[in-house]
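The sequence lines fix the lettering, A, B, ..., with proteins before strands; numbering per chain opens at 1. From a predicted model like this one, the values you see are computed outputs, not experimental measurements.
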Number of protein chains: 2
Amino acid sequence: MAKLPTIKEIAKRLHVSPSTVSRALHDHYSIGLKTKTMVQQLAKELGYEPNQTAIFFQQNKTFTIGVILPELSEAFFSTAISGIEDTAHKNKYTVLLGQSHDDEDREKTIVETMKNHRVDGLIVSLAKNTVNYAHFEMLKKYNIPVVFFDRIPKLPNIHYVACNMESGTIQAVDFLLAKGHRIIGMINGPDKLFASQERVKGYMNALHKKRLKYDPNLLVSSNLTRAGTHAAMAQLLSLKRKVTAIVAFNDYVALDAVQYAREKKLKINKDIAFVSYANLPLSNYTAFPPLASVEQFPYLQGQKATETLLELLDSKEDKSSAYYKIILDSQLVVNKY
Amino acid sequence: MAKLPTIKEIAKRLHVSPSTVSRALHDHYSIGLKTKTMVQQLAKELGYEPNQTAIFFQQNKTFTIGVILPELSEAFFSTAISGIEDTAHKNKYTVLLGQSHDDEDREKTIVETMKNHRVDGLIVSLAKNTVNYAHFEMLKKYNIPVVFFDRIPKLPNIHYVACNMESGTIQAVDFLLAKGHRIIGMINGPDKLFASQERVKGYMNALHKKRLKYDPNLLVSSNLTRAGTHAAMAQLLSLKRKVTAIVAFNDYVALDAVQYAREKKLKINKDIAFVSYANLPLSNYTAFPPLASVEQFPYLQGQKATETLLELLDSKEDKSSAYYKIILDSQLVVNKY
DNA sequence: CTGTTAGCGCGTTCAA
DNA sequence: TTGAACGCGCTAACAG
C-alpha cells in the first residue's frame with residue numbers, strides 16, 4: 001500500500017534536484033560519482049522503479065505491440081503467437097492480445113481498443129469474413145504500422161508474411177508420384193480462397209513437370225464441413241479411374257476424408273493414401289495420420305512478422321515506401337511410422 | 001502523420017478553456033448546450049481521440065490485465081485465454097499476454113514486465129517448476145491483485161479458480177461400473193501432484209460407494225512420457241485379474257495407452273475401454289477416442305478468474321481480507337459414437 | 001456555466 | 001557538475 005517512491009521523493013530526501021536524480025539513475029556522464037552512487041543507493045533501498053506509464057506518456061511510445069488473431073484455439077495461431085510473443089519479449093516489447101473470433105465487427109473494435117492503448121504497432125491475421133479494410137488503413141494516419149500474416153488483405157501497400165502453399169503442394173504430389181501413385185485426387189477448399197488456388201497451381205505444376213496429364217475430375221472441393229468433405233470423397237470415389245491417393249486441403253479435411261474412406265471399407269495407406277496440410281498437432285496420435293504433411297511454420301511466421309514490425313518501429317518515421325513482403329516456402333514433412 | 005488533435009488544440013480554436021472542452025466531451029452537466037455541441041462537433045470534425053496513455057498515467061490505472069500462462073499451444077490454456085480475453089474485452093479491459101514456457105525465471109521476468117507496465121491485475125497459471133512464489137507475493141506491495149487458476153501455488157492467502165478432479169473421477173468410475181466393468185485400472189500422473197491425489201480420491205470414493213474393495217495393483221502411475229505410459233500399461237496388463245477398463249490421467253496418456261493396447265492386439269472398447277481427462281480437442285477425430293472424458297471447463301475457468309479479478313479491481317482498495325476460492329466440479333462427458 | 005491553476009512522474013532543455 | 005523550469009495531455013479542485 002505504501003506509495004511507490006518517485007524521483008521527486010528521492011530528490012527531496014537527498015536535498016538535490018529531481019533532474020539530478022533522473023540523470024544519476026541513467027548514469028548520465030555529467031553527474032559526480034558521489035552523488036551518483038548516493039542516489040542509486042537510496043533508489044535501491046527505497047525500491048524505486050520508474051513509472052512506465054509516465055514514460056510511455058511522455059515519450060509517446062509504449063513498447064507494446066497489438067496482436068489480432070482469429071482464434072487462439074486453432075493450433076496454427078496458438079503456435080504463431082508463441083513466435084510473436086517470444087520475439088517481442090526478447091526485444092523488450094510486450095504483447096497486447098485480441099481475438100476476432102472471425103468476426104469483422106469484433107476485429108474493428110479491437111483495432112480501436114489497440115489504437116487507444118497506443119500500441120506501437122500491430123500484427124494481424126484477418127478474420128475470415130473481413131472484406132472492408134478501412135479500420136486498418138485508418139491506422140496509417142495514426143502512424144501505427146501493421147504487419148499481416150497468413151490471412152492477408154487484398155491491398156496494395158501493406159507489409160506481410162505469408163507461406164507459399166504451391167511449393168509444398170508440388171512436394172506433396174511429387175512424394176505421392178514417387179510412391180507409385182498415378183491417380184491422385186485433391187480435395188481443395190472453396191475455389192475463391194487464395195490458398196485453394198495456390199494448391200491447384202502446385203498440383204498442376206507437379207503433374208506438368210512429370211509430363212502427366214491433368215484430369216479435372218480429380219480436383220474436387222469441400223466447403224470444409226464434414227458433410228462437404230464426405231461429399232467430395234464420394235465424388236472422388238465414384239470415378240471410373242480408381243483414385244489411390246488424395247491431397248487434402250488440411251488436417252480436418254483429411255481426418256474427415258479418412259473417416260469416410262474407412263466407412264467405405266477402404267484400407268488406409270493400402271487402398272488409398274492421404275497427404276495433408278498441417279494444422280493439427282497430433283498426427284502421431286490419430287490412428288491413420290496422413291502419410292505426410294505440408295508444414296506452414298506458424299512459429300516462424302509469427303517470428304518473422306514480429307521482426308518485421310520491430311524493424312519498422314526502429315526505422316523511425318522512415319516513411320520509406322518500401323513494403324515488406326516475406327514469403328516462406330511451405331515444405332513437406334513425411335510422418336514417421 | 002498529422003499530429004492528433006488535443007483538448008488544448010480544440011480549446012484554442014474555440015476560444016474556450018481546455019477544461020471546458022474536457023467537460024463538454026464528457027457530457028458534464030454543468031456545460032451549456034451550445035458550447036457542448038460546439039465542442040463535440042469540432043472534436044468530431046478534427047477526429048479527436050483522447051490520449052489514453054495520458055489518462056492511464058493521470059488516473060494511475062491502465063485497464064489492462066496481465067495474463068501469464070505456461071504454454072498457449074496447450075489446448076487447455078488456449079481455450080482458457082479465450083475465456084479470459086472475452087470477459088476482459090466485455091468489460092473494456094485489455095489483455096497483456098505472457099507465456100512462461102514452464103520456466104520459473106521467465107515467469108519472474110514476465111511478472112516484472114507486467115508490473116512495470118502497470119497492469120491493474122494479474123491472472124496466472126503457474127509454470128510447472130515454480131517453487132518460489134516471492135515474485136507473486138511482492139505484488140501485494142504494489143497493490144496488484146493476482147488471481148490464479150488451474151495451476152495454483154501452495155500459499156495461504158490467495159485468490160484462485162480451480163477445477164475439482166474428484167467429482168469427475170467418481171463419475172468416470174461410476175460410468176465404467178455401470179457398463180459392467182469390475183476390474184478398473186487407473187494410470188495416474190506423478191504421485192506428488194495434487195491433481196493425481198484428487199484422482200485417486202475420486203477413484204477410491206467411487207469404489208467405496210459401491211462397496212467394492214480397492215486393489216492397489218490397479219493403481220499405477222506414469223511420468224507422462226510415452227514410455228512411462230507404456231510401462232504403466234505393461235504393469236496393468238500383466239496382472240492376473242484382467243483389467244477391462246482404464247482411467248487415464250489425461251488424453252495424451254490415454255492415446256499412448258490405446259496405442260500400446262493396440263500393439264498388444266487388444267480390441268479397444270471390447271477387450272479394454274478407456275476414459276480420460278479432456279485436454280485435447282479432437283477426440284472425435286482419433287480412431288479410438290476414450291469412451292468418455294472428464295471435462296475441466298477451461299473457458300469457464302478463464303472467465304471466472306477474470307470476473308473475480310475485475311471484482312477485486314472494482315472494490316477499490318477494499319483490503320477486505322476475503323480470499324476468493326472458486327472451485328468448479330469437473331464433469332464426465334460421454335463421447336458420442 | 002466557465003476559466004484558472006495545479007499536478008500526475010518523467011526527461012530534457014537552458015542556465016548557472 | 002548541478003538546478004530550475006517546462007511540457008507531454010488530461011482531469012479536477014477551486015474560483016468566479
A.B. asks: Test of understanding: with side-chain contact (heavy atoms from CB on, under 4.5 Å), list the residues that count as partners of A/K12, not counting sequence neighbours.
C.D. replies: none
A.B. asks: Rounded to the nearest Å, what distance is computed from the CD atom of residue B/Q58 to the C1' atom of nucleotide D/dG7?
C.D. replies: 15 Å
A.B. asks: Given atom CE of A/M38 and atom P of D/dT1, what is their separation to the nearest angstrom?
C.D. replies: 14 Å
A.B. asks: Does anything in residues 151-164 of chain B form a salt bridge (Lys or Arg N to Asp or Glu O under 4.0 Å)? List the pairs, not counting sequence neighbours.
C.D. replies: B/D102-B/R151
A.B. asks: Among B/R118, B/K141, B/K115, exactly one meets salt bridge (charged side-chain N to carboxylate O under 4.0 Å, His left out) together with A/E49. Which residue is that?
C.D. replies: B/K115
A.B. asks: Taking only heavy atoms on the protein side, list every residue of residues 22-29 of chain B lying under 4.0 Å from any atom of DNA chain C, sorted numerically.
C.D. replies: B/R23
A.B. asks: Is a donor on one side and an acceptor on the other found under 3.5 Å between the side chain of B/T37 and the backbone of B/L33?
C.D. replies: yes
A.B. asks: From CZ of A/R118 over to C1' of D/dC8, roughly how many Å is that when rounded to an integer?
C.D. replies: 12 Å
A.B. asks: What's the spacing between B/C163 SG and B/L300 CG if we round to 0.5 Å?
C.D. replies: 8.5 Å
A.B. asks: How would you list, by chain and number, every residue that makes a side chain to side chain donor-acceptor pair (under 3.5 Å) with A/E9, sequence neighbours excluded?
C.D. replies: A/R13
A.B. asks: Going by ring pair (Phe, Tyr, Trp, His ring centres under 6.0 Å), name the residues that satisfy it together with A/F297, two or more places apart in sequence or in a different chain.
C.D. replies: none
A.B. asks: Through what angle, rounded to 10 degrees, does the axis of the helix from C/dC1-D/dG16 to C/dA16-D/dT1 turn between its ends, using five pairs per end?
C.D. replies: 50°
A.B. asks: With respect to the phosphate group of D/dC8, does any side-chain polar atom (N or O) of B/K8 fall under 4.0 Å of OP1 or OP2?
C.D. replies: yes
A.B. asks: Using chain A heavy atoms and a threshold of under 4.0 Å, write down where along DNA chain C the contacts begin and end, 5' to 3'.
C.D. replies: C/dC8 to C/dT13
A.B. asks: Side chain of A/T35: nearest nucleotide among D/dC10, D/dT1, D/dG3?
C.D. replies: D/dT1
A.B. asks: In residues 47-56 of chain B, which ones come under 4.0 Å of DNA chain D, going by heavy atoms?
C.D. replies: B/Y48, B/P50, B/N51, B/A54, B/I55
A.B. asks: Quick one: A/H15 NE2 to D/dG3 P, roughly how many Å, whole number?
C.D. replies: 12 Å
A.B. asks: Can you run down the side-chain hydrogen bond (donor to acceptor under 3.5 Å, both in side chains) pairs that involve residues 75-88 of chain B, sequence neighbours left out, and say none if there aren't any?
C.D. replies: A/Q99-B/S82, A/Q99-B/E85, A/H101-B/D86, A/R106-B/E85, A/R106-B/D86, B/D86-B/Y299
A.B. asks: Using a distance-only test with no angle check, is there a side-chain donor-acceptor pair under 3.5 angstrom linking B/E104 and B/T130?
C.D. replies: no
A.B. asks: Which residue pairs pass the salt bridge (Lys or Arg N to Asp or Glu O under 4.0 Å) test with at least one member in residues 34-45 of chain A, sequence neighbours excluded?
C.D. replies: A/D27-A/K36
A.B. asks: Want to settle it: does A/F57 or B/G32 sit nearer the 5' end of DNA chain C, counting the closest nucleotide to each?
C.D. replies: B/G32
A.B. asks: For A/F56, check ring pair (Phe, Tyr, Trp, His ring centres under 6.0 Å) against everything at least two apart and list the hits.
C.D. replies: B/H117
A.B. asks: Does B/D120 reach the main-chain N or O of B/T62 with its side chain, forming a donor-acceptor pair under 3.5 Å?
C.D. replies: yes
A.B. asks: At 4.0 Å (heavy atoms only), tell me whether B/S19 reaches a base, stays on the sugar-phosphate, or touches nothing.
C.D. replies: base
A.B. asks: For B/F63, check ring pair (Phe, Tyr, Trp, His ring centres under 6.0 Å) against everything at least two apart and list the hits.
C.D. replies: B/Y93
A.B. asks: Taking A/Y323's backbone N and O only, do any of them form a donor-acceptor pair with A/H159's side chain (distance below 3.5 Å, no angle check)?
C.D. replies: no
A.B. asks: What's the NZ-P distance between B/K12 and D/dC10, to the nearest Å?
C.D. replies: 13 Å
